[in-house]
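None of the values given here were measured: they were computed from a predicted structure. Every heavy atom of this structure was used, including side-chain atoms; hydrogens, water molecules and symmetry mates were not.
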Amino acid sequence: MNYVLHYAPDNASLVVRLVLEELRPPYRTALVDRSVSAQSGAAYKRLNPVGRIPALETPEGPMFETAAICLFLADRHRERVQLSPDPCDPARAPFLSWLFFLSNTVHAEMRSLFYPSLIAGPDPEHQDTASQQIRTSLTAHFDLLDSRYSSADMTICDLYLAVLLRWPALYPVAADRSWFDLARWPNLHALARRIEIRESAQAAIRAEGLGPTPFSNPHPATPPEGSAL
Ligand SMILES: N[C@@H](CCC(=O)N[C@@H](CS)C(=O)NCC(=O)O)C(=O)O
């Protein structure tokens with residue numbers, strides 16, 4: 001096997017799984033058991049020193065960070081489908097801008113929304129205030145993406161964005177999620193529909209128990225192995 005994707009169902013590893021399923025290099029998966037916080041253990045940290053999911057074992061050694069892994073794979077495997085514009089292609093500059101925006105800003109904001117104690121500490125009131133600020137910021141960023149983001153050909157950004165449209169409808173499990181209504185963003189809704197009917201998404205749906213409309217109308221994952229949280 002060229003690659004081993006260390007994953008947990010419905011985690012950021014889902015983005016990498018979609019990319020692998022589009023590009024189709026030989027790969028296998030290895031479950032990271034979140035029920036025992038395996039991502040924080042010494043063995044996993046040898047793959048990802050930050051202790052977060054995903055990690056990808058490659059012939060050149062382990063990689064971490066979702067965007068870095070996806071860009072590496074897209075640049076490396078271009079035979080079946082091109083998921084990243086060539087370095088000299090004029091489309092490369094906007095592609096990189098949106099990829100880093102998704103990773104550094106939107107994904108990072110979502111992480112703070114899902115784990116509010118990381119930025120607000122243990123006080124529930126502080127966490128509520130921080131979560132409200134993040135929801136406001138994420139709403140503005142989805143407005144921006146809906147109005148400005150476009151890619152003529154599908155890239156890793158589309159796959160990444162589809163997953164980022166899934167999570168706020170489902171997480172945090174115990175919080176009010178009514179702020180997120182995909183119907184408000186017709187272009188993003190259309191992107192979610194485009195991605196979820198692809199073969200790559202069907203493979204991910206089967207492997208991670210994501211239900212028939214994982215991006216346009218998500219339901220909690222019922223995975224055959226492991227757990228999302
Ligand atoms: N910046 C990282 C974020 C990854 C991330 O937040 N992963 C989550 C799952 S979606 C995780 O590992 N959570 C468990 C933890 O932080 O202990 C990336 O893009 O790979």
Are [X] and [Y] side-chain neighbours, meaning at least one heavy-atom pair lies under 4.5 Å?
{"X": "Cys157", "Y": "Phe95", "result": "yes"}
{"X": "Thr155", "Y": "Ser84", "result": "no"}
{"X": "Asp143", "Y": "Arg184", "result": "yes"}
{"X": "Val15", "Y": "Cys70", "result": "yes"}
{"X": "Tyr7", "Y": "Arg17", "result": "yes"}
{"X": "Glu60", "Y": "Phe72", "result": "yes"}
{"X": "Leu96", "Y": "Leu71", "result": "yes"}
{"X": "Thr213", "Y": "Pro218", "result": "no"}

### Query
Do the ring centers of Trp167 and Phe180 come within less than 6.0 Å of each other?
no
#### Entry: Near-ring test Phe215/His189, centroid separation under 6.0 angstrom
no
I'd like to know if the side chain of [X] and the backbone of [Y] have a donor-acceptor N/O pair within less than 3.5 Å.
{"X": "Glu196", "Y": "Ser216", "result": "yes"}
{"X": "Arg92", "Y": "Pro85", "result": "yes"}
{"X": "Asp146", "Y": "Asn187", "result": "yes"}
{"X": "Tyr171", "Y": "Arg166", "result": "no"}

### Query
Yes or no on side-chain contact (heavy atoms from CB on, under 4.5 Å) for Leu83 and Leu159, after CA distance, side-chain angles and deciding distance?
CA-CA 9 Å; Leu83 293 182; Leu159 300 166; 4.1 Å; yes
### Message
Applying side-chain contact (heavy atoms from CB on, under 4.5 Å) to Leu118 and Ser112, what does each step give before you reach the verdict?
### Response
CA-CA 7 Å; Leu118 292 179; Ser112 301; over 6 Å; no
### Query
Salt bridge between Arg24 and Glu199, side-chain N to carboxylate O under 4.0 Å?
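So Arg24 pairs with Glu199 through a salt bridge.
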### Query
Is Glu22 salt-bridged to Arg198, cutoff N-O under 4.0 Å?
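Result for this pair is yes, salt bridge flagged.
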Exercise: do [X] and [Y] side chains pair donor with acceptor under 3.5 Å:
{"X": "Tyr149", "Y": "Asp158", "answer": "yes"}
{"X": "Asn11", "Y": "Arg52", "answer": "no"}
{"X": "Tyr27", "Y": "Glu21", "answer": "yes"}
{"X": "Ser103", "Y": "Glu65", "answer": "no"}
{"X": "Ser137", "Y": "Glu109", "answer": "yes"}

### Message
Test side-chain contact (heavy atoms from CB on, under 4.5 Å) on Leu56 and Val4; report intermediate values, then the result.
### Response
CA-CA 6 Å; Leu56 183 75; Val4 183; 6.0 Å; no
#### Entry: Which atom of Ile134 lies closest to which atom of Leu113, heavy atoms considered
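Minimum heavy-atom separation between Ile134 and Leu113: CD1-N, 3.8 Å.
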same_hphob_cluster([X], [Y]) at 4.5 Å side-chain heavy-atom cutoff:
{"X": "Met110", "Y": "Phe64", "value": "no"}
{"X": "Leu145", "Y": "Leu138", "value": "yes"}
{"X": "Ile119", "Y": "Val50", "value": "no"}

### Message
Here's a test for you: under side chain to side chain contact (heavy atoms under 4.5 Å, CB included), which of Thr58, Leu23, Ile69, Val16 qualifies with Tyr3?
### Response
Thr58
### Residue pair Leu191, Leu165: steps toward the side-chain contact (heavy atoms from CB on, under 4.5 Å) verdict
CA-CA 10 Å; Leu191 179 139; Leu165 295 173; 4.3 Å; yes
### Message
Under 6.0 Å from the ring centre and within 45 degrees of the ring axis: does the NZ or CZ of Arg111 meet both conditions for the six-membered ring of Tyr115?
### Response
yes
### Query
Going by the angle between their ring planes, with limits at 30° and 60°, are Phe142 and Trp185 parallel, tilted or perpendicular?
tilted
